[in-house]
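One structure is given below, encoded as structure tokens.
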Amino acid sequence: MRKNVGKWDRVLRVVLGILLLSMLGFVEAPWKYAAWLGIPLLLTGLLGVCFTYGILGVSTCPTNRS
């Protein structure tokens with residue numbers, strides 16, 4: 001699958017994913033369940049592929065212009 005997540009989008013996803021996952025140790029339920037949203041953010045940031053972007057036909061990657 002082609003990468004469709006740009007550099008700054010990836011950085012933001014990784015940072016937010018880490019922040020959300022770190023909430024697991026500090027917050028009580030029901031907010032603890034929201035912390036699990038950090039997993040898909042972290043994965044899409046590290047892999048550079050967002051399946052929702054793919055379905056919607058969106059890409060934040062710059063195009064290579066030769």
Side-chain angles (χ1 to χ4, degrees):
M1 183 163 231
R2 291 179 41 190
K3 294 189 180 212
N4 58 3
V5 181
K7 177 184 174 184
W8 292 108
D9 194 3
R10 290 178 74 178
V11 169
L12 183 65
R13 287 171 185 254
V14 169
V15 169
L16 286 176
I18 291 170
L19 287 174
L20 282 172
L21 285 173
S22 69
M23 284 178 32
L24 285 171
F26 300 109
V27 296
E28 299 290 327
W31 290 105
K32 190 170 267 197
Y33 301 115
W36 291 107
L37 294 175
I39 293 173
L41 282 174
L42 190 60
L43 286 176
T44 57
L46 293 174
L47 297 176
V49 176
C50 178
F51 295 107
T52 306
Y53 277 9
I55 291 170
L56 297 174
V58 176
S59 177
T60 58
C61 279
T63 56
N64 293 334
R65 297 177 190 200
S66 304

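For this chain, numbers begin at 1 and follow the sequence in order.
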D9: side chain to side chain donor-acceptor pair (under 3.5 Å) partners, not counting sequence neighbours: R13, Y53, T60
Could you list the donor-acceptor pairs under 3.5 angstrom formed by side chains in residues 14-25, with sequence neighbours left out?
from: S22; atom 1: OG; to: I18; atom 2: O; distance (Å): 3.4
from: S22; atom 1: OG; to: L19; atom 2: O; distance (Å): 2.7

Qualifying side chain to side chain donor-acceptor pair (under 3.5 Å) pairs, either residue in residues 23-37, two or more places apart: none
side-chain contact (heavy atoms from CB on, under 4.5 Å) partners of L56, counting only residues at least two apart: T52, V58
Contacts of L43 that satisfy side-chain contact (heavy atoms from CB on, under 4.5 Å) - sequence neighbours left out: I39
side-chain contact (heavy atoms from CB on, under 4.5 Å) against R10, all qualifying residues, sequence neighbours excluded: K3, V5
